[in-house]
Every structure is written in C-alpha cells, then in structure tokens.
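Accompanying notes for the structure given below.
As the structure is a prediction and not an experimental result, all values here were calculated from the model.
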Amino acid sequence: MGWLALLLAGVAVWLIWTGKLQRMTAKDGMALGVALVGSVLAAKGKPVIGAPLLVGAALFFARQGKARVKQPKRAKARPRGGEDVAAARALLGLTPDADADAIRAAHRRLIASVHPDKGGTEALAAQINAARDLLIADHAARQHLPPNA
C-alpha cells in the first residue's frame, strides 16, 4: 500500500506542476486529500480505516468523470453584431475610433496582467484575446482590409 501513497502524492505534485489544480473545485481538492489520507493510513497498517476513504474518493472521481464526459462541448462564440463590438471595446477600454495599433496596444497592456502565467485566469485571457480579434476584424471590415493587415 506504500506504493499507492507514493502514486497519489505523485498525482498531486503533477496536478500542481501542470496547473490543473487551479481548475479543480473545492470538492475535487477535498476528495484528493481524502484519497491521500486513506492511502497513508492503509500504508501504515490501518487498511480498515484507509480502504473506505480510498474507495469513497475513487467513486467520487468516477462520478465526476462521467458527469464531465456527458457535458456537451461548447460551440465557439460568433460575433452577434454591434453589441459584441461595444462590449469588446469596453473590455479593452477603447473608443469607437480606435485603430488596429491602439487595439493591439490595449490588448498587450491588459494581457500582461491577466495572463495565466502571471496568475490570471484562462477564461479572462481568452475573453481579452477574443475581444482583440473581434475588434481587429471589425476595424478591417470598416476599412475594407483583410483582418491580418
């Protein structure tokens, strides 16, 4: 049972190292903790106490896995018109007459502080990236230019 404790500790270290632990819910963290405690107890010669903890954590993660598999994949968001452009401008703090260089500068300024590597969230970084892409495409459409120009 000692190898099981080492395996679970290795999984915990891997979760922390890869950043997947940031996306875990509090329930996931508690279940991981229960599994670690159960494996340590089982390794120390108390399998009567440790085994139910391990089994309970395994069942919890099995149910979580099934629930995540059943969730439908999200479709990519498509621009819906003027209100999306206005929301993107508000997110980046730009005026309606901002050019492509101003859009890119505002994006760089914001993404530097909210990037996941700097302690921000992936969701907010994705919103800022989507806002930049939408505004650049809108600016190019108004100027009759290709979006990458």
Side-chain angles (χ1 to χ4, degrees), residues 3-43 50 52-149:
W3 59 270
L4 187 58
L6 289 174
L7 178 69
L8 284 173
V11 168
V13 168
W14 175 75
L15 288 170
I16 292 168
W17 186 265
T18 60
K20 294 184 185 303
L21 194 61
Q22 290 178 348
R23 292 184 291 273
M24 288 180 69
T25 64
K27 288 181 181 180
D28 292 340
M30 290 179 69
L32 183 60
V34 166
L36 283 170
V37 168
S39 64
V40 168
L41 287 172
L53 293 174
L54 283 171
V55 170
L59 290 175
F60 172 80
F61 283 120
R63 273 184 276 156
Q64 291 292 97
K66 287 180 184 178
R68 287 185 183 133
V69 169
K70 290 181 183 178
Q71 291 176 352
K73 293 185 178 181
R74 292 185 225 163
K76 287 189 176 182
R78 293 190 176 150
R80 287 182 232 141
E83 57 190 46
D84 285 342
V85 172
R89 279 194 194 109
L91 180 64
L92 294 181
L94 295 169
T95 60
D97 60 338
D99 64 346
D101 291 331
I103 294 167
R104 288 185 184 101
H107 171 265
R108 275 192 300 273
R109 184 188 74 243
L110 280 174
I111 203 71
S113 62
V114 301
H115 194 275
D117 292 343
K118 299 288 184 182
T121 63
E122 291 180 13
L124 187 54
Q127 281 182 329
I128 291 171
N129 288 336
R132 176 206 52 203
D133 295 343
L134 178 63
L135 290 177
I136 294 229
D138 180 64
H139 180 262
R142 285 187 285 127
Q143 300 295 322
H144 304 295
L145 297 172
N148 295 333

Partner set under side-chain hydrogen bond (donor to acceptor under 3.5 Å, both in side chains) for Asn129, not counting sequence neighbours: His107
Straight-line distance of Leu91 CG to Arg132 CZ, nearest 0.5 Å: 12.0 Å
Shortest non-hydrogen separation from Ala102 to Leu94 and the atoms involved: O-CD2, 3.8 Å
Student check: side-chain heavy atoms of Arg89 and Val85 closer than 4.5 Å: yes
For the student: nearest non-hydrogen atoms of Ile136 and Ile103, plus distance: CG1-CG2, 3.8 Å
Non-hydrogen atoms of Ala57 and Ala31 that approach each other most closely: CB-O, 3.6 Å
Counterpart residues, side-chain contact (heavy atoms from CB on, under 4.5 Å), relative to Thr121 (two or more places apart): Ala123, Leu124
Spacing of Glu122 atom CD and His115 atom NE2 [to the nearest 0.5 Å]: 9.0 Å
Contacts of Arg109 that satisfy side-chain contact (heavy atoms from CB on, under 4.5 Å) - sequence neighbours left out: Ala106
Results of side-chain contact (heavy atoms from CB on, under 4.5 Å) for Leu110 - residues two or more places apart only: Leu92, Ile128
Contacts of type side-chain hydrogen bond (donor to acceptor under 3.5 Å, both in side chains), residue Asp97, not counting sequence neighbours: Thr95
